[in-house]
Number of protein chains: 2
Amino acid sequence: MKKQNAVAILAALAQGSRLDVFRLLVEAGPEGMPAGHVATALRLPPSALSFHLDRLRTAGLVSVRRDGRSLIYAARFEAMNALVAYLTDHCCQNRPELCKPKVRSAGGRKREARIPA
Amino acid sequence: MKKQNAVAILAALAQGSRLDVFRLLVEAGPEGMPAGHVATALRLPPSALSFHLDRLRTAGLVSVRRDGRSLIYAARFEAMNALVAYLTDHCCQNRPELCKPKVRSAGGRKREARIPA
DNA sequence: TTCGTATTTCAATAGTCATTGAACGATGAA
DNA sequence: TTCATCGTTCAATGACTATTGAAATACGAA
């Protein structure tokens with residue numbers, strides 16, 4: 001996976017509504033579901049949903065097929081797997097024994113004005 | 001993991017420089033590396049790096065500790081694992097047999113003006 | 001063809017984000 | 001204390017993003 005591709009996937013998921021949409025499609029499985037069902041389930045106005053689905057599709061996270069008047073969207077699991085592989089590439093210099101040597105934490109999550117000595 | 005948390009993590013990674021920084025820290029392993037080394041390795045001006053590291057830290061993706069004049073940043077692997085778990089939650093209604101029934105694709109990656117019947 | 005439904009496209013608005021250099025703060029050594 | 005180094009904060013700029021409703025397009029049924 002190329003960096004640009006990874007950024008596109010992450011950006012596509014980095015938004016509340018789109019994350020909801022994607023997870024709903026992950027739950028639905030490979031059969032997918034019509035855009036209208038997604039809109040109903042998540043109470044999204046059609047134009048907003050269409051905008052978000054287009055971004056997910058452009059990023060390669062969902063596929064579309066038409067069934068009559070409905071467009072059926074489905075999650076592309078391969079894309080997510082490839083992303084995870086990209087993120088963990090060369091983890092710990094490929095030396096797994098380095099991956100859990102110590103439990104360290106020095107501020108991690110909370111925002112602080114200054115890092116103490 | 002809460003949705004807001006997942007969005008924060010994804011947004012933190014959805015940017016070229018930050019993705020580079022995080023992957024470099026993943027490669028470095030739990031010992032981490034000083035901000036200055038990251039700046040040198042990725043040729044980032046200090047203020048930009050500081051901005052990006054702060055976003056990664058706020059999202060919970062990296063931890064910091066001080067060692068003399070240096071601030072040492074390390075990837076927080078737990079955060080990434082939790083994110084992946086969140087993304088795949090309830091996958092295929094928790095019925096794994098649904099996860100790979102058919103290979104479907106109807107436009108997936110390329111942008112098209114119209115979805116054909 | 002005409003109608004109704006499903007979904008997308010358009011245009012305008014407001015909000016958020018990345019980037020830069022200069023100034024500031026914190027630390028360790030002389 | 002004074003100095004040099006490491007890193008962060010500040011302010012200004014330009015670029016991108018989400019959201020809305022209205023209008024347009026695609027399809028199926030009558």
Rounded distance in Å - CG (A/Leu49) to P (C/dT7): 9 Å
Kindly say whether B/Arg18 contributes a backbone atom to a donor-acceptor pair with the side chain of B/Arg55 at under 3.5 angstrom? no
Does any N or O in the side chain of A/Arg76 come within less than 3.5 Å of the main-chain N or O of A/Gly60, such that one atom is a donor and the other an acceptor? yes
Are the side chain of B/Glu27 and the backbone of A/Gln93 linked by a donor-acceptor contact shorter than 3.5 Å? no
Interatomic distance, CG@A/Leu61 vs CG@A/Leu83, rounded to 0.5 Å, equals 8.0 Å
Provide, to the nearest angstrom, the distance between the CD1 atom belonging to A/Ile72 and the P atom belonging to D/dC27. 14 Å
Rounded to the nearest Å, what distance is computed from the CG atom of residue B/Leu44 to the C1' atom of nucleotide D/dT8? 15 Å
Over how many whole Å does the gap from A/Leu19 atom CG to D/dA18 atom P extend? 13 Å
Quick one: does B/Ser50 reach the base of D/dG7 with a side-chain donor-acceptor pair under 3.5 Å? no
Side-chain heavy atoms nearer than 4.5 Å, only ILVMFWY residues, links allowed to pass through others: does that put B/Ile9 and B/Phe77 together? yes
Is A/Leu25 reachable from B/Val7 through a run of hydrophobic residues whose side-chain heavy atoms are each under 4.5 Å from the next? yes
Please determine, for the side chain of B/Arg66, which listed nucleotide (C/dT27, D/dG21, C/dT20) has the closest atom? C/dT27
Any sub-3.5 Å donor-acceptor pair from B/Arg95's side-chain atoms to A/Gly29's backbone N or O? no
Scan A/Ala48 against the nucleic acid and name what it touches under 4.0 Å (heavy atoms): base, sugar-phosphate only, or nothing. base
Whole-Å gap separating C1' (D/dT17) and CG (A/Leu13): 16 Å
Side-chain atoms of B/His52 come closest, of C/dA18, C/dT8, D/dT19, to C/dA18
Can any side-chain N or O of B/Ser50 pair as donor or acceptor with the backbone N or O of B/Pro46 at less than 3.5 Å? no
Map A/Gly68 and A/Ser17 onto DNA chain D by nearest heavy atom, then report which one ends up closer to the 5' terminus. A/Ser17
In this structure, how many angstroms lie between the C1' atom of D/dG7 and the CZ atom of B/Arg57, rounded? 13 Å
Donor-acceptor under 3.5 Å (B/Arg65 side chain, B/Ile72 main chain): no
Rounded to the nearest angstrom, tell me the gap between atom CG in B/Asp67 and atom P in C/dA26. 18 Å
Look for any protein N or O under 3.5 Å of an N or O in nucleotides 3-5 of chain C and output each such pair with its distance, or none.
from	atom 1	to	atom 2	distance (Å)
C/dG4	N2	A/Arg69	NH1	3.1

Please list each protein N or O that sits under 3.5 Å from an N or O in nucleotides 11-17 of chain C, with the distance.
from	atom 1	to	atom 2	distance (Å)
C/dC17	OP1	B/Arg55	NH2	3.3

Considering all heavy atoms of both residues, which atom of B/Val26 and which atom of A/Thr88 are nearest to each other, and what is their separation? CG1-CA, 4.4 Å
Name the nucleic acid region contacted by A/Ser70, choosing base, sugar-phosphate or nothing; use a 4.0 angstrom heavy-atom cut-off, strictly under. sugar-phosphate
Would you indicate which nucleotide in D/dG7, C/dT9, C/dT8 comes nearest to any side-chain atom of B/Tyr73? D/dG7
Specify the separation, in whole Å, of atom CG of A/Leu53 and atom P of C/dT9. 11 Å
